[in-house]
2 protein chains.
Amino acid sequence: MTSEPNLLAVIQRQLNELNKSEAKVALAILNAPEEATRSSIASLAASAGVSEPSVNRFCKRFGATGFPDFKLQLATSLASGVRYVSRAVEFSDDINTFPTKLFDNAINALMTAKEELPLKAIARAVDQIAQARRVYFFGLGTSAAVARDAEHKFFRFNVPVFTHEDPLMQRMLAASAGVGDLFFFISHTGRTKVLVEAAEIARQTEATIVSLTAEGSPLADKSHCCINVKVEEDTEQYLPMTSRLVQLVILDVLAAGVTLRRGEGFTPHLARIKDSLKDTRFQTS
Amino acid sequence: MTSEPNLLAVIQRQLNELNKSEAKVALAILNAPEEATRSSIASLAASAGVSEPSVNRFCKRFGATGFPDFKLQLATSLASGVRYVSRAVEFSDDINTFPTKLFDNAINALMTAKEELPLKAIARAVDQIAQARRVYFFGLGTSAAVARDAEHKFFRFNVPVFTHEDPLMQRMLAASAGVGDLFFFISHTGRTKVLVEAAEIARQTEATIVSLTAEGSPLADKSHCCINVKVEEDTEQYLPMTSRLVQLVILDVLAAGVTLRRGEGFTPHLARIKDSLKDTRFQTS
DNA sequence: CTCATTATGTAGTAAATTTACAAATATTCA
DNA sequence: TGAATATTTGTAAATTTACTACATAATGAG
């Protein structure tokens with residue numbers, strides 16, 4: 001059953017080709033679609049001013065097996081039609097509205113990213129990380145926090161992992177790199193000069209350069225492998241950067257990829273790391 | 001009727017609190033949600049191995065007026081994009097499946113959190129942050145990265161902001177606190193000993209203590225204001241912590257709240273901060 | 001105007017859902 | 001432990017809902 005992307009539009013379009021009573025049904029539904037999904041065939045027939053079988057015939061005409069099936073398709077269509085949209089926070093907002101907006105924006109960013117995941121690049125990055133002898137995560141500003149998060153995740157793979165927020169350290173480490181070193185650059189814009197310069201320096205060595213950044217940016221150009229994160233329009237000035245959430249999840253994906261690559265025999269190692277924290281916590285009462 | 005954004009997640013979460021037969025129904029639905037939306041109460045009852053009224057009671061327990069209404073909500077929920085509940089990554093997964101799973105888990109976590117936002121606590125925390133003379137963000141491990149992110153966000157409010165990952169620094173700073181100081185503790189479990197101890201030390205001063213952590217945890221107990229983040233079941237061992245994403249967005253919410261509190265006259269200040277970065281970037285070609 | 005065709009409604013039937021109640025199971029407290 | 005009580009679950013009947021077959025009404029062509 002391939003349900004229509006937008007059933008209401010289809011109904012609207014065929015309006016003139018319908019019989020009198022079918023048209024009445026159509027109008028009743030178009031007027032109050034949500035209500036239609038909740039009503040019985042009898043009440044819909046009443047509100048359209050026709051008989052019940054007319055409603056039933058109407059449903060079959062639009063590809064449904066019957067009235068319940070039609071309602072289902074309608075509900076599905078309505079739900080998927082109401083897409084999340086970036087909604088800016090305004091000064092007229094209050095505690096009941098702006099938290100929801102921010103969550104919606106975050107969810108929206110992840111949903112969008114999920115649909116356009118650059119799987120090839122991800123697979124390649126997993127390969128390269130799995131083979132690396134040493135991994136550096138470099139970011140600045142907000143991306144430094146993302147890099148820190150990555151460090152907390154990737155050290156589990158028995159590969160030395162480093163993070164530095166200091167651009168000078170980043171430059172010097174880049175300059176002294178060699179075969180087996182992997183530099184993972186994280187940047188929202190991909191245009192931050194000092195970071196791009198560090199990438200350039202690293203590029204002149206034998207090291208591998210992977211970046212998580214905007215497509216076509218200077219940083220992307222310097223990389224052996226670039227995982228593109230779509231940059232949202234910067235229209236709303238004071239919205240928090242949802243891109244960093246996407247970056248975090250993509251790093252989760254990379255870590256999961258490396259774990260799978262290591263194979264099932266690797267799980268005891270992970271379990272040991274987890275267990276090592278037990279004594280640092282108060283036990284559940 | 002406010003239909004659930006993600007009904008499956010709600011069902012999943014309440015699994016342990018259900019009766020035997022209700023749990024059977026829940027599992028049947030979680031196993032084949034799409035099918036459930038198309039089947040009659042009789043066939044669903046049969047495939048769950050329970051009686052029809054049990055299915056009906058199950059539906060009512062989840063806020064539906066009856067079985068048809070439940071199916072409708074389920075269909076709506078499925079259509080809205082995120083189809084699956086906490087799905088563990090397995091060693092049989094490949095590049096086409098596990099990235100989607102991880103994104104779904106992340107989206108799911110945010111949607112769930114959005115539904116149960118502790119607005120009162122958030123409003124209070126905004127008040128307290130807005131009034132603070134100095135703010136410390138303390139976290140350890142993954143939460144240290146979250147604290148770092150918070151630092152990058154809150155310094156904009158003209159209030160000195162500090163982060164420290166070092167437990168000893170955290171203790172000493174806590175001990176030397178006074179009126180106007182605000183300690184913001186971030187912890188997934190709320191049970192990490194050294195962090196709870198730091199909170200306890202801070203509590204003995206005149207400082208305000210806000211925490212972003214699990215409800216009822218030792219850390220929550222030490223706080224003047226606790227923003228609860230539901231802790232997901234730790235069933236799947238090697239799933240990444242989605243709670244940190246929720247924490248980040250909640251910190252975004254707090255920052256937005258403080259911005260709104262500062263009022264419209266504050267925007268030039270924010271704009272100046274933003275502009276200050278311009279020269280650090282390569283211009284768009 | 002009549003016949004053929006299509007459209008619509010009526011009434012009966014089958015199916016699905018819900019309710020009321022009784023049996024079975026679990027829980028509490030002596 | 002065992003009786004008393006509460007909770008859970010299923011049975012069966014009632015009710016609601018949807019569908020089918022058929023009859024009537026409307027429309028259009030010749």
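The chains referred to below are lettered A, B, ... by the order of the sequence lines, with proteins before strands, and numbering in each begins at 1.
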How many whole angstroms separate atom CG of A/N56 from atom P of D/dT17?
15 Å
Ignoring backbone atoms, test whether A/S21 places a side-chain nitrogen or oxygen under 4.0 Å from the OP1 or OP2 oxygen of C/dA7.
no
Counting just side-chain N and O atoms, does A/S54 come under 4.0 Å of either OP1 or OP2 of C/dT8?
no
Could you state the atom-to-atom distance from CZ of A/R61 to C1' of C/dT6 in whole Å?
12 Å
On DNA chain D, compare the nucleotides closest to B/V50 and A/P53; which residue's is nearer the 5' end?
B/V50
Nearest-Å distance, CD (B/E52) to P (D/dG10)?
11 Å
Could you tell me whether B/D149 and B/R244 make a salt bridge, using a distance below 4.0 angstrom between a side-chain N and a carboxylate O?
no
Provide, to the nearest angstrom, the distance between the CG atom belonging to A/L18 and the C1' atom belonging to C/dA7.
13 Å
Between B/T65 and B/R57, the residue closer to the 5' end of DNA chain C by nearest nucleotide is B/T65
So what does B/K24 touch, heavy atoms closer than 4.0 Å: a base, only the sugar-phosphate, or nothing?
nothing
Expressed as a whole number of angstroms, how long is the span from B/L44:CG to C/dA16:P?
13 Å
Does A/K20 place a side-chain N or O at less than 4.0 Å from the phosphate oxygens OP1/OP2 of D/dA26?
no
State whether the side chain of A/R156 and the backbone N or O of A/L270 hold a donor-acceptor pair below 3.5 Å, judged by distance alone.
no
Rounded to the nearest angstrom, tell me the gap between atom CD1 in A/I41 and atom P in C/dA16.
15 Å
Does C/dA7 have OP1 or OP2 sitting under 4.0 Å from an N or O in the side chain of A/N19?
yes
Among the nucleotides C/dT17, D/dT9, D/dT17, whichever has the atom closest to the side chain of A/S40 is D/dT17
B/S187 backbone acceptor or donor facing B/T213 side chain under 3.5 Å
yes
Options C/dT17, D/dA18, D/dT11, nucleotide nearest the side-chain atoms of B/S51
D/dT11
Please work out whether the ring planes of B/F62 and B/F58 are parallel, tilted or perpendicular, with thresholds of 30° and 60°.
tilted
Using only atom types and a distance under 3.5 Å, with no angle test, would you say the side chain of B/T189 pairs donor to acceptor with the backbone of B/R191?
yes
Reckon A/K60 has a side-chain N or O less than 4.0 Å from the OP1 or OP2 of D/dC19?
no
Integer-rounded Å distance: D/dT17 C1' and A/F67 CZ
10 Å
Roughly, in whole Å, what's the span from NZ in B/K71 to C1' in D/dT17?
12 Å
